[in-house]
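Just the heavy atoms: all of them, side chains too, but no hydrogens, waters or symmetry mates, feed the values below. So you know, we letter chains A, B, ... as the sequences are listed, proteins then strands, and number each from 1.
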Amino acid sequence: MQPAQSSSFEIVTREDFSDVTFLLEVRHPMLAKAAKAGQFVIVMEHEQGERIPLTIADFDREAGTITLVIQAVGKTTREMQQNCRVGTSLYAVVGPMGIPSHIGGKKKVVCVGGGLGVAPIFPQARAWKEAGAYVIGILGFRNRGLVFWEDKFRACCDELILCTDDGSAGIKGLVTEGIKQAIAKHADIEELVAIGPPVMMKGCAEATRAHKIRTMVSLNPVMVDGTGMCGGCRVKIGETVKFACVDGPDFDGHLVDFDDLMARLGRYRTAEKEAMERWTETCRIRADQAVPPEPALAIDDRPSTDG
Amino acid sequence: MAKKKTIRTIPQERTPVQEQDPRERARNFEEVSLGYRLEEALVEAERCLQCADEPCVRGCPVGIDIPSFIRKITEKHYHGAYDIITDTNLLPSICGRVCPQENQCEGVCTVGDTLEPVAIGRLERFVGDMAIKEDWANIPYIEPNGYRVGIVGAGPAGMACAADMAKAGCEVVVYEAFHQPGGVLKYGIPDFRLPNAVIDAEIEKLKKLGIRFECNTLVGRLFTIEQMVTEMGFHAVFIGTGAGYPSFMGIPGESLNGVLSANELLTRANLMRARDFPSFDTPLQPGRRVTVIGAGNTAMDAMRVSMRLGAEKVFCVYRRSKTEAPARAEEVHHAEEEGIEFNWLTSPIELLGDAKNAVRAMRCIRMELGEPDSSGRRKPVPVPGSEFEIETDMVVFAIGTNANPILGQTAKLKLNKRGYIETDDSLATSIAGVYAGGDIVTGAATVIQAMGAGRKAASGMKAYLGLRDTDGVYAPETDDPAGRRFGIPVEEHNFARVRVL
């Protein structure tokens, strides 16, 4: 085994699912070998960047790559959307972090992914399938245009329920509608795994509570180092306080204090807004002064020189 | 040598060091202490009696030959002074700044029995800084011995261990989870106390010894300790990951926004450079009235960083009195000078929030000192009816850390009941060839204690690998007063190293 590389995490594939969601496949053979379902990485795009946690959406041990699916919502992720092209490199990628998800064998299990949780639920669905489980996938999107990876999920799910807010694909409604349908059809569901925005995971936990279905959720609070050192990611689980980075990120959804989690997620909102506004302004000035930036292409395999 | 010095003939006053004006420095991140200038260092060096007893050497966790390096300063042989320090400590610029000298070398200094002790720390820093400026590097003759050593954690323990193993001829790789090496020196200790440039310069010296640093590597998760000794081919491994996991008190309101650990505050401000937001992307909502709980070095750093980030008022809340405060005396003194308001004998009981879930006040209770507890310090007990509130919009917990769980989760290492790694006297863990030292063994301690542990483990690792401990080469050869053995001058003894393979 070769020692870990210390820099140059090359982007080998990029795919844009929509104007906000994009996929990066990053070369890191050791990480691809070590990664397990449910784990995450911390990424820094450049030397002055912030450390952002991203759940590993897929890994290819043979090709030596990991896949990240990113939603461009803040300054850092928008900047990544603009700068991360095939042939460029990320400044830092560290992981896999967190305790891998517990994949418990031949059960009937529901895997729910919504919004930015769709990609990270994929390795879990695949791992359950590989373990011999009967997998029901439930994916939530705002509309048909935002749907991605339907084929990948169909390949590892025994059943797949698509939910869209406007009914343009699958059933109309939130993922909780899909959960209700699945529970009505299968009385013997033993476990539900949900990844998505906190409010969605809270809804999933409430939907299963009465049925006493074990419900695991993957939490992604604000964190800095991801190694248990800063305590920024502390979450209330029942009566105890846990650090999502090293004690999680998976926790029993029926015990998670989601209101506390959601309140804490907003604690750097003012600064985040300021950074976003400043960045948008700089981009506008730059765009006015120079050649307009290239639109985000579907798969851009040319090395890019802009940074 | 000239006439023997006595306590009456040496300069009586400890030479003061130039410092930035407190009012000015409380608003910038420039270094507080400017360090000795040449003439100041020469005067202070004269204060060392060169006593036969040498209590300072025993007081130093790594056993620097302090009287000899000070004598070299008086002889104006500064490179010689550097050579003597680096025989035992490769990082003098760092230790000179952050060691609690008053409890170590200076605390037992013979001069200190009558006068103020010799300012050993400042002299060490003087020598170290001169070495950085002049680009001196003490690279001994190293003959590769074919052994590979892996070090987990690029903090003070790992750096000290790496240096010793590299000097012994091993190929050394240091793994670090962060994107930069340095550990607590980088993320924890702020620039005004230990500039990043100094750390980087000292790390460059380690690289000159052939040590390789691999950042962005989370050992335990990317590969395990067991994999290091099996498939990755390391003959020995040292774990110096630090304690890490910050403690909170479990009082109501801890999850309010604006409440964070000192580790988070310091990491954001120092390593991630949130103080330069938005040029750097990491945010840190600055507090207007900041309250820091605790009175150790980390607490002092958190308070003084908050001051520099623009707080109007910074409070310290500590349940014991100033005498029991664990911080270096100089740090408490500097914090007081910078206008930090200390609430000694005060304990927080509740954090109160506003409608937006942000902290707005801390409810406290006054304490008084009762009977001595298990630590020998008088136990603080609450004074009934003395509750009061401090208006605050940022609360920082600096009350210590617990063991980081990652290696315990991923390796079959024997841990004690508090989660720290168990070792024997040579710092060997329950896995053959794997050693551990620093905070992950002892719980939170100081930089120099971690370095001492790193060196001690290196000694154990050399014995395990069957290497002659190179410390022997540097030890004073007392049975050979002429400084010659077998006709070989003492400085040539390096070449007579026994090769064991």
Side-chain angles (χ1 to χ4, degrees), chain A residues 1-7 9 28 30-31 33-35 39 42 44-52 75-76 79 91-99 223-232 234-236 241 243 246-247 257 260-261 263-264 266-272 274-275 278-279, chain B residues 150 173 175-179 187 212-224 227 231-233 241-242 244-248 250 254-258 260-261 263-268 271-274 276-285 356-358 397 401-402 404-406 409:
Chain A
M1 192 188 273
Q2 287 300 306
Q5 56 206 102
S6 61
S7 61
F9 305 96
H28 195 324
M30 278 190 99
L31 185 46
K33 197 177 159 200
Q39 292 186 302
I42 282 194
M44 278 176 86
E45 196 226 323
H46 54 76
E47 212 178 335
Q48 305 193 352
E50 60 178 331
R51 296 169 66 89
I52 55 163
K75 190 246 174 185
T76 297
E79 202 173 36
Y91 170 70
V93 176
V94 55
M97 291 168 156
I99 300 173
M223 53 178 79
V224 184
D225 59 297
T227 62
M229 199 206 73
C230 78
R234 58 192 192 278
V235 287
K236 278 191 195 161
V241 172
F243 290 3
V246 290
D247 300 321
D257 183 339
D260 180 71
L261 174 71
R264 285 180 55 75
R267 56 195 223 277
Y268 290 106
R269 201 147 282 159
T270 319
E272 283 161 5
E274 187 194 327
R278 229 183 109 95
W279 185 75
Chain B
V173 185
Y175 293 108
E176 165 60 44
F178 267 126
H179 49 285
Y187 74 72
R212 206 165 83 234
F213 287 87
E214 295 279 353
C215 293
N216 299 309
T217 308
L218 182 61
V219 177
R221 292 281 171 210
L222 190 61
F223 47 80
T224 61
Q227 276 177 295
E231 50 193 284
M232 292 172 76
T241 51
Y245 198 98
S247 303
F248 291 86
E254 282 180 2
S255 66
L256 289 167
N257 289 344
L260 68 173
S261 74
N263 271 3
E264 180 173 358
L265 171 78
L266 293 171
T267 306
R268 284 178 183 270
L271 178 76
M272 303 311 296
R273 302 271 302 271
D276 296 324
F277 181 84
S279 304
F280 283 70
D281 291 339
T282 302
L284 180 60
Q285 211 77 65
K356 288 184 190 155
N357 205 47
F397 281 85
T401 53
N402 295 310
N404 187 300
I406 294 178
Q409 288 167 349

Just by distance, do the side chain of B:Arg221 and the backbone of A:Ala34 share a donor-acceptor pair under 3.5 Å?
no
Quick one: what part of B:Leu256 sits under 4.5 Å from any heavy atom of chain A, side chain, backbone, both or neither?
backbone
My understanding is that only residues two or more places apart in sequence, or in another chain, count here; which of them pass side chain to side chain donor-acceptor pair (under 3.5 Å) with B:Thr241?
none
Donor-acceptor contact present, side-chain B:Glu254 to main-chain B:Gly250, <3.5 Å
yes
Partner chain B: residue of A:Met44, A:Glu50, A:Lys75 with the largest heavy-atom pair count (under 4.5 Å)
A:Glu50
Closest heavy-atom pair and its distance - B:Ser261, B:Phe248:
CB-CZ, 3.8 Å
When the 4.5 angstrom heavy-atom criterion is applied to A:Asp260 and chain B, the contacting part is side chain
With only heavy atoms counted, which part of A:Ile99 is less than 4.5 Å from chain B, the side chain, the backbone, both or neither?
both
Check whether any side-chain N or O of B:Asn263 sits under 3.5 Å from a backbone N or O of A:Met229 as a donor-acceptor pair, and report yes or no.
yes
Please identify, among A:Glu79, A:Arg51, A:Glu47, A:Gln39, the residue contributing the most non-hydrogen atom pairs under 4.5 Å to chain B.
A:Arg51
Check whether A:Val246 gets within reach of chain B through its side chain, its backbone, both or neither, counting any heavy atom under 4.5 Å.
both
Provide the closest heavy-atom pair for B:Ala177 versus B:Leu218 in the form atom of the first, atom of the second, distance.
CB-CD1, 4.0 Å
Side chain, backbone, both or neither: which part of B:Thr267 has an atom under 4.5 Å from a heavy atom of chain A?
side chain
Contact origin within A:Val93 toward chain B - heavy atom pairs under 4.5 Å:
backbone
Would A:Asp257 and A:Val235 satisfy side chain to side chain contact (heavy atoms under 4.5 Å, CB included), going step by step from the backbone distance to the final call?
CA-CA 7 Å; A:Asp257 183 339; A:Val235 287; over 6 Å; no
May I ask you to decide if B:Tyr175's main-chain N or O and B:Glu214's side chain share a donor-acceptor pair within less than 3.5 Å?
no
Looking at B:Gln409, B:Arg268, B:Glu176, which has the largest count of heavy-atom pairs under 4.5 Å with chain A?
B:Arg268
Which bit of A:Thr76 comes within less than 4.5 Å of chain B, counting heavy atoms only: side chain, backbone, both or neither?
side chain
Using non-hydrogen atoms and a 4.5 Å limit, figure out which bit of B:Phe397 sits close to chain A: side chain, backbone, both or neither.
neither
Shortest non-hydrogen contact from B:Val219 to B:Ile406?
O-CG2, 4.0 Å
When the 4.5 angstrom heavy-atom criterion is applied to A:Arg264 and chain B, the contacting part is both
Is B:Pro246 in contact with chain A via its backbone, its side chain, both, or neither, using a 4.5 Å heavy-atom distance?
both
